[in-house]
Amino acid sequence: MLQVDFGNIGSQRIGPEQGVEWARELEAAAAKLKSARDSLWNRASDAAAMLGWVRLPDDAEAAREIVAFSAAQDWVSDVLVLGIGGSALGAKALDAALGGGGARLHFVDNVEPEPLAALFERLDPRTTLVNVISKSGTTAETMAAFLLALAWLRKHLGEGWQKHALVTTDPERGVLRPFAREHGLASFAVPADVGGRFSVFSAVGLLPLALAGVDVDGLLAGARQANQTARAGVAQNTPAQTALAQYLAWRKGQRISVLMPYSSRLALLPAWFVQLHAESLGKAYDRSGSRVHVGPTPLAAVGATDQHSQVQLFREGPYDKLVVFVRLREAGRDLTLPAEEGLRALDYLFGKSLFQLLSAEAAATAHALAEARRANYTLFLDRLDAFHLGWLLQHLMWQTAFLGELFNVNAFDQPGVELGKRYTYALMGHPQFRELARQLQEAGVRP
Ligand code: PA5
């Protein structure tokens, strides 16, 4: 199950200035949320609407191909995953949470030379698979890493290098697709109507995760569950409700949206969420073309670690945050704290479990924030497994889509990111961007 406790956004708990009359707000927004839901589901089959991610959990054929391909790669000890942004963050977060049963994944999502050089020294090319992932098939960071990885494979493996390169890209666009065809490389497609940050349940995320031994079918079953709740009426529609809570918080001036899982295994989840919310909702114009400059600022935190860091700010700093906790109801493996005669001052811990302590920390922080009139709510997962993480990630994608409707912005484009990419091409001498390069030179911009 994925359940939400909204208690700490209520005005009875945190006062009328910061809190909301949740039941009343939900009722008032019911018609709007219902029409947002209907509009999203109606657009889901329209390729131009970029809602293809909604259908990914039902694509059993694609999942079968991915699982079969990865099962055949029993020679692979390490996978070099080359991708950036939406082409890396989902698999990175889920590998950190669930990986460990298969090949080791190494994510290259930056162009800093030292770490990549170190990887090339450390990895054995004979048992390494390079999975280059780029929806557009043009992103400079990923292409640069791929050029280096190809040279590394060719140098060490000679003619046998093709078996070690795997391409995930758009069915048609970009330079990778023809390259894969020319060299007979294994390749998978990112559906044209699935954007990068919504692509974790396509081959973008599932392929490296399957190679890492993650239960791909479990992830998709969980994502289907999120789809089911996103179809439900407003009273049962968890993503519509969390979107509303986020939207109301924004309107109250709580313009920073913190995601704080109480789990080190989920430490990379907020980075994925930050990209999802920031790129989808940070928009200059609404859908009618009016200048709006909206978008909550997403912020990453991890419990209990950040209780000794950011929580001071969350509790006593400006009233500008909504904190969302993610908690597990079950520990999985747990550890009992042993008694120690020489440390009697700690006897309040003796015999308790480590998970009990973690849960107490989460409950204590939520209460301490509420007591200081800081809005927060908690997402509870029964346990940390593929099913529940599939549910959680698809839930957060739905939340983002609903927020796009509430803010009336296109949550599925990223003009600000694209502009940065074009400037980079120009500065690096890409022949299609000569005019832009001239303008940048005039403006005094240098690499
Ligand atoms: O969400 C997005 O669209 C972006 O973050 C992209 O994933 C990122 O820019 C990488 O693009 P590509 O997969 O085309 O290389």
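Indexing begins at 1, ligand by ligand and atom by atom, following the structure's order.
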Protein contact of atom 13 (O) of ligand 1 - nearest heavy atom, named by residue and atom, plus distance: Ser87 OG, 2.6 Å
For the pair [X] and [Y], name the ring-plane relationship: parallel under 30°, tilted 30 to 60°, perpendicular over 60°.
X      : Y      : answer
Phe407 : Tyr247 : perpendicular
Phe433 : His430 : perpendicular
Tyr285 : His293 : tilted

Quick check on contacts: which atoms of ligand 1 are under 4.0 angstrom from a heavy atom of [X]?
X      : value
Gln275 : 1 (O), 2 (C), 4 (C), 5 (O)
Thr139 : 11 (O), 12 (P), 14 (O), 15 (O)
Ser136 : 12 (P), 14 (O), 15 (O)
Arg197 : 1 (O), 2 (C), 3 (O)
Gly86  : 5 (O), 6 (C), 7 (O)
Lys135 : 12 (P), 13 (O), 14 (O)
Ile84  : 7 (O), 8 (C), 10 (C)

Ionic contact status for Arg422 with Glu418, cut-off 4.0 Å: no
Aromatic contact, Trp398 with Trp53 (centres under 6.0 Å): yes
Nearest candidate to atom 2 (C) of ligand 1, where distance is taken over non-hydrogen atoms, out of Glu279, Lys421, Glu418: Glu279
Residue pair Thr400 / Phe198, side-chain heavy-atom distance below 4.5 Å: yes
Validation row: Thr229, Leu2 side chains within 4.5 angstrom (heavy atoms): no
